[in-house]
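Report on the structure given below.
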Amino acid sequence: MSIKKSFFQRSLVVGISVLIILLGLLVLFGWYTKTIELIQVVPVFVPMQYNTALCFLLSGISLYLILKKKNSFAILSLLPIGIIGFLTILEYTMVKNFGIDELFMKHYITVASTHAGRMAPNTALCFVLSSIAMGLTFGKNVRQNQISCILGALIFGLGLISIIGYLIGKEVTYGGGQLTQMAVHTTIGFMLLGAGITALNFSKERKVIGRDIVMQNAGFIGYAFALALVIFFIDLSIPIEVAIGIPYVLFVLFGWFIKKEGITTILAICSTVLIIAGFLYSFSEIKTSVIIVNRIFAIMAVWLVAGMLKHIKKNEAIIIEKNETILDITNQKLDQKIAELEIKNKELAQITYIVSHDLQEPLNTISSFTQLLQKEFKGKLDEGPSTYLSFVSEASIRMRNLIKDVLDHSRIGLKKEVEEIDLNTVLVDLQKDLHSTIDKTEAVLNIDPLPKIKGYGMDIKLLFQNLITNAIKFKKPEVKPQIKISAEESSDHYSFSIQDNGIGIAEEHQNKIFSIFQRLHSNKEYEGTGIGLAHCKKIVELHQGTINVSSIPNQGSNFIFTIKKN
């Protein structure tokens, strides 16, 4: 799950929690202050009972606590919700009064209420389902989260059915026969609560492969059946001759979004059953033939859409399967190439080490015998032979340095652990190591505060060391080196700048200097093997960064490199 998506889902849960808490608090405030508008909304509507408002307050708190993983505190707020809802249902079914309806508040508004202070039976049912749904989110079992997600959708659907009933003026959708009705703002509260429970399940960490799809299926199934209930209740509330069966097509279309085999057929069967049930419930001999034709056409439309959708999903599945097969083959080939490349890299590193090590043996022999000859024939040879021996000795030293640098280059990043590096400490240590060079050249280092990064400690130190020593080495004659080191932070990387006032680099050479053994000056002018900047490039790339130089001849250079944040 992406970070942006997770942040949105968690923010949605927080927002819904706050709205539900505010709803509960406002109605409770209305009961205490006798502000009728907060309790009833409209004088002829049933009031939101005190216990209902209290349960909404506790539900909003529970949602927030579960999101913040404060499950032990969430249980304390969930238990009263479930107990109040369950006892209310028992009161209706057993025709008893347990004394919970006016336990906290003596009710003075009883419009459309069969019992003073008693919440509607469908309201009590929704609170029982809410306490169960939120309780199921405590665990990390995917099946529990699926059930919770479906229950959230059902609670949303029951709220939606009731508010539609208010809009179209059909009491059957929000009332329970002769029993207390659900308040209009209670319906909105349950729509929010149901959506919040669904969002809560989606915001939880994904610990199982494919959990996103599993939860998506559960969510769509739940909301699909909530839509079916809404259509069914509307069907029962309007004249029988109206072809309400057609909207069940929308219910079937939810199968497009549910990645589960056979779901389209199940939805079509459910639609057919509900269409027939709506006809039987509202049966009338008036215009019977027209009514039957309407219902038959509705069922035909449902199965036509279901058949088309199954055909589309089947073709889609074939395409996905082919793409996955191609992707698997591609991944296998890629894995094979990576394995081959790793073997080649190991072989190359081994060859580099062996060749470099073996080269040093004859080189040491040449160097040793050259030194012996110089000692043996010191003052006895003419100027020519003596000069030749000096050339051989100097060449041997340069060769040894080259071999050492090649070995160092091959070892960069090899078998090292990533660690936290305080660059301020690194620069303090480097100034101590380069103390004699800095004193000799009277170099001045201006170093801004630098960040702590994660990387390979020795390599990072070598990176700064090479760039600083280069800045000192390639100074202008009779000019004290001025070196400025600074850093900038962005969202995903650090950017570093090492700026000097040296001899600079011509534009045509700026891309060459990072290549191994690339020298722009002779050994007589400036000592070195030409591998230092190649070291720097390898170290920077090892830390998933880039390095480049901006320079003007005789005005200095600015080396800029980046290190990725980990």
Practice problem: Could you walk me through whether Leu63 and Leu193 pass side chain to side chain contact (heavy atoms under 4.5 Å, CB included), step by step? | Solution: CA-CA 9 Å; Leu63 263 183; Leu193 184 56; 4.0 Å; yes

Exercise. Mind running side-chain hydrogen bond (donor to acceptor under 3.5 Å, both in side chains) on Thr137 and Ser148 for me, showing each step along the way?
Key: CA-CA 7 Å; Thr137 63; Ser148 175; 5.4 Å; no

Quiz item: Less than 4.5 Å apart, any side-chain heavy atom of Ile81 and any of Ser62?
Solution: yes

Quiz prompt | Stepwise side chain to side chain contact (heavy atoms under 4.5 Å, CB included) check, Asp433 with Lys461 | solution = CA-CA 11 Å; Asp433 295 342; Lys461 184 175 181 180; 3.1 Å; yes

Quiz prompt | Close side-chain approach of Phe496 to Leu467, heavy-atom, < 4.5 Å | solution = no

Quiz item: Nearest heavy-atom pair of Ala74 and Ser77: which atoms, and what distance?
Solution: O-OG, 2.8 Å

Self-check item: Enclosure of Lys484 NZ (heavy-atom neighbours >12, cutoff 6.0 Å)
Solution: yes

Quiz item: What is the minimum heavy-atom distance between Phe56 and Gly24, and which atoms define it?
Solution: CB-CA, 4.2 Å

Quiz item: Can Lys475 and Asp500 be counted as an ion pair, charged N to O under 4.0 angstrom?
Solution: no

Quiz item: Do Ile485 and Ile468 have side chains that get closer than 4.5 Å, going by heavy atoms?
Solution: yes

Quiz item: Is a side-chain N or O of Thr469 found less than 3.5 angstrom from the main chain of Gln465, in a donor-acceptor match?
Solution: yes

Quiz prompt | Pairwise distance CG(Asp492) to CD(Gln544) - rounded to 0.5 angstrom | solution = 10.0 Å

Quiz item: Do you know which two heavy atoms are closest between Gly60 and Ser17, and how far apart they sit?
Solution: O-CB, 3.6 Å

Quiz item: What are the two closest non-hydrogen atoms of Ser557 and Val549, and how far apart are they?
Solution: CB-CG2, 4.2 Å

Quiz prompt | Pairwise distance NZ(Lys538) to CG(Asp459) - rounded to 0.5 angstrom | solution = 9.0 Å

Quiz prompt | Separation of Ile539 CD1 from Asn466 CG (nearest 0.5 Å) | solution = 6.5 Å

Quiz item: Atom CD1 of Ile20 and atom CG of Leu23: how far apart are they, to the nearest 0.5 Å?
Solution: 8.0 Å

Quiz item: Would Phe127 and Phe190 count as a close aromatic pair, with their ring centres under 6.0 Å?
Solution: yes

Practice problem: Indicate the atoms forming the closest heavy-atom contact of Tyr456 with His543, along with that distance. | Solution: N-NE2, 3.0 Å

Self-check item: Ile498 vs Phe561 side-chain heavy atoms within contact, under 4.5 Å
Solution: yes

Exercise. Answer yes or no: is there a side-chain heavy-atom contact under 4.5 Å between Leu423 and Ile460?
Key: yes

Practice problem: Would you please test Asn558 and Ser550 for side-chain hydrogen bond (donor to acceptor under 3.5 Å, both in side chains) and show each step? | Solution: CA-CA 5 Å; Asn558 185 16; Ser550 173; 5.7 Å; no

Quiz item: At what distance, to the nearest 0.5 angstrom, does NZ of Lys70 lie from CG of Leu65?
Solution: 9.0 Å

Quiz item: Hey, does Ser59 have a side-chain heavy atom less than 4.5 Å from the side chain of Met134?
Solution: yes

Quiz item: CD1/Ile505 to CG/Leu533 distance, rounded to the nearest 0.5 angstrom?
Solution: 7.0 Å

Self-check item: Donor-acceptor contact below 3.5 Å, side chain Thr562 vs main chain Thr546
Solution: yes

Quiz item: Looking only at heavy atoms, which two atoms of Cys536 and Leu463 are closest? And how far apart?
Solution: CB-CD1, 3.6 Å

Quiz item: Just wondering, more than 12 heavy atoms not from Glu488 lying within 6.0 Å of its CD?
Solution: no

Exercise. Compare all side-chain heavy atoms of Leu450 with those of Val426 and state whether any distance is below 4.5 angstrom.
Key: no

Quiz prompt | Side chain proximity check, Leu154 to Ile150, heavy atoms < 4.5 angstrom | solution = no

Quiz item: Between Ile197, Leu192, Thr198, Leu160, which is the residue that forms a side chain to side chain contact (heavy atoms under 4.5 Å, CB included) with Ile155?
Solution: Ile197

Quiz item: Between Asn501 and Gly556, is there a donor-acceptor pair closer than 3.5 Å when you use the side chain of the first and the backbone of the second?
Solution: no

Quiz item: Okay, side chain of Lys565, backbone of Ser490: is any donor-acceptor separation there less than 3.5 Å?
Solution: yes

Self-check item: Ring-ring centroid check Phe464 Phe559, cutoff 6.0 Å
Solution: no

Quiz item: Under 3.5 Å, side chain of Lys476 to main-chain N/O of Asn554, donor-acceptor pair present?
Solution: yes

